[in-house]
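On a predicted model such as this, the values are computed, not experimentally measured, just so you know. For reference, positions follow the sequence shown, starting with 1. These numbers come from the heavy atoms of this one structure, side chains and all, not from hydrogens, waters or symmetry mates.
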Amino acid sequence: MPEISLFGWFHTIMGIIAILSVIYTIAKYKVIRSSNLSGKIYLVCTFIAAASALGIFRHGFFGPAHVLAILTLLAFGAGLIAEKTNILGGFGKYFQAISYSATFLFHMIPAITDGLMRLPVDAPIVTDFEDPMLRGFYLAFLVTYLIGVTLQCLWLKKQP
């Protein structure tokens with residue numbers, strides 16, 4: 001695995017801040033909103049991490065991480081529109097939760113992949129993208145996303 005560039009470190013740090021802030025945000029507020037500071041930090045860092053991912057190329061080609069970055073930006077934009085407008089009426093708050101939570105799912109896939117393929121530095125845990133361990137993590141993240149979004153929607157339904 002190649003060394004991380006300065007730009008790569010910037011991208012990684014933004015991603016780590018985003019992940020830490022969203023964990024706090026969900027634990028405290030149950031949903032991600034730009035109206036609270038931790039939600040705003042998450043969204044800004046998510047946008048920066050996704051946008052910067054589009055400038056990182058391994059072996060000079062567009063790959064799955066770029067697709068996830070684009071999906072993150074689309075989910076970010078959809079969530080922001082749902083949050084800031086009334087275009088979806090009463091469904092908006094649910095669509096916002098689904099969209100913003102999807103950005104977290106899209107963060108975790110490349111985060112676990114890159115982390116397991118880089119660490120420990122001298123003997124990475126995973127050396128192949130087809131490793132069953134990665135697929136297990138991806139499935140766990142998907143199930144966690146589905147459960148989390150369901151719980152968020154149930155919580156939102158109870159709110160006045």
query = Counting only N and O atoms by type, is there a donor-acceptor contact under 3.5 Å from the side chain of Asp128 to the main-chain atoms of Asp131?
reply = no
task = Dump the intermediate steps for side chain to side chain contact (heavy atoms under 4.5 Å, CB included) on Ser99 and Phe76, then the final yes or no.
result = CA-CA 7 Å; Ser99 297; Phe76 172 87; over 6 Å; no
Minimum heavy-atom distance between His66 and Ile56, given as atom pair plus value = NE2-O, 2.6 Å
request  = Examine Leu68 and Ile16 and state if one hydrophobic cluster contains both, with Ile, Leu, Val, Met, Phe, Trp and Tyr joined whenever side-chain heavy atoms are less than 4.5 Å apart.
outcome  = no
remark   = Minimal heavy-atom distance between Trp155 and Tyr29, with the atoms involved, is CH2-O, 3.7 Å
remark   = When every non-hydrogen atom of Gln152 is compared with those of Lys30, the smallest separation belongs to CG-O, 3.2 Å
note = Between Gly79 and Gln96 the two heavy atoms that sit nearest each other are O-CG, 4.0 Å
request  = Indicate whether the side chain of Tyr100 and that of Glu83 have a donor and an acceptor atom separated by less than 3.5 Å.
outcome  = yes
request  = Would you kindly say whether Lys40 and Ser21 are connected by a side-chain donor-acceptor distance under 3.5 Å?
outcome  = no
query = Out of curiosity, does Leu54 fall in the hydrophobic cluster containing Leu43 (side-chain heavy atoms, cut-off under 4.5 Å, transitive links)?
reply = yes
inquiry  = Take a 6.0 Å sphere around CG of Leu154 and say whether it holds more than 12 heavy atoms from other residues, nucleotides or ligands.
reply    = yes
request  = For Ala111 and Ile19, work out which heavy atoms get closest and say how close.
outcome  = CB-CD1, 4.1 Å
request  = Would you indicate whether Tyr145, at its atom OH, is surrounded by more than 12 heavy atoms from other residues, nucleotides or ligands within a distance under 6.0 Å?
outcome  = yes
inquiry  = Is the shortest side-chain heavy-atom distance between Pro124 and Arg118 below 4.5 Å?
reply    = no
key: Shared hydrophobic cluster for Met108 and Leu74 (ILVMFWY, side-chain gaps under 4.5 Å)   = yes
request  = List the atom of Ala50, the atom of Ala69, and the distance in Å for their closest heavy-atom pair.
outcome  = O-CB, 3.4 Å
key: CA sep, side-chain torsions, deciding dist, call: Tyr94, Val149, side chain to side chain contact (heavy atoms under 4.5 Å, CB included)   = CA-CA 9 Å; Tyr94 302 105; Val149 164; over 6 Å; no
key: Evaluation steps, side chain to side chain contact (heavy atoms under 4.5 Å, CB included), between Ile26 and Val31   = CA-CA 5 Å; Ile26 295 294; Val31 294; 5.5 Å; no
Thr113 versus Tyr138, side-chain donor and acceptor atoms under 3.5 Å = yes
ask   = Any side-chain heavy-atom pair from Leu119 and Ile125 closer than 4.5 angstrom?
value = no
request  = Treating Ile, Leu, Val, Met, Phe, Trp and Tyr as nodes and any side-chain heavy-atom pair under 4.5 angstrom as an edge, say whether Leu139 and Phe129 lie in one connected cluster.
outcome  = no
key: Reported CG-to-CD1 distance for the pair Leu134 and Ile109, which is rounded to 0.5 angstrom   = 10.5 Å
remark   = To the nearest 0.5 Å, atom CG of Leu156 lies from atom CD1 of Ile98 at 9.5 Å
query = Are Leu105 and Leu146 co-members of a hydrophobic cluster defined by side-chain heavy atoms under 4.5 Å apart?
reply = yes
key: Pair Tyr42-Thr103, side-chain donor/acceptor within less than 3.5 Å   = yes
query = Can you tell me how far the CG atom of Asn86 sits from the CD1 atom of Ile81, to the nearest 0.5 Å?
reply = 13.5 Å
request  = Output the distance between atom OG (Ser52) and atom CE (Met14), rounded to the nearest 0.5 Å.
outcome  = 8.5 Å
Ile48 side, atom CD1; Ile17 side, atom CD1 - distance, nearest 0.5 Å = 8.5 Å
request  = Find the distance between CD1 (Ile112) and CZ (Phe137) and round it off to the nearest 0.5 Å.
outcome  = 4.0 Å
request  = For His107 and Thr72, test the side chains for any donor-to-acceptor distance below 3.5 angstrom and give the result as yes or no.
outcome  = no
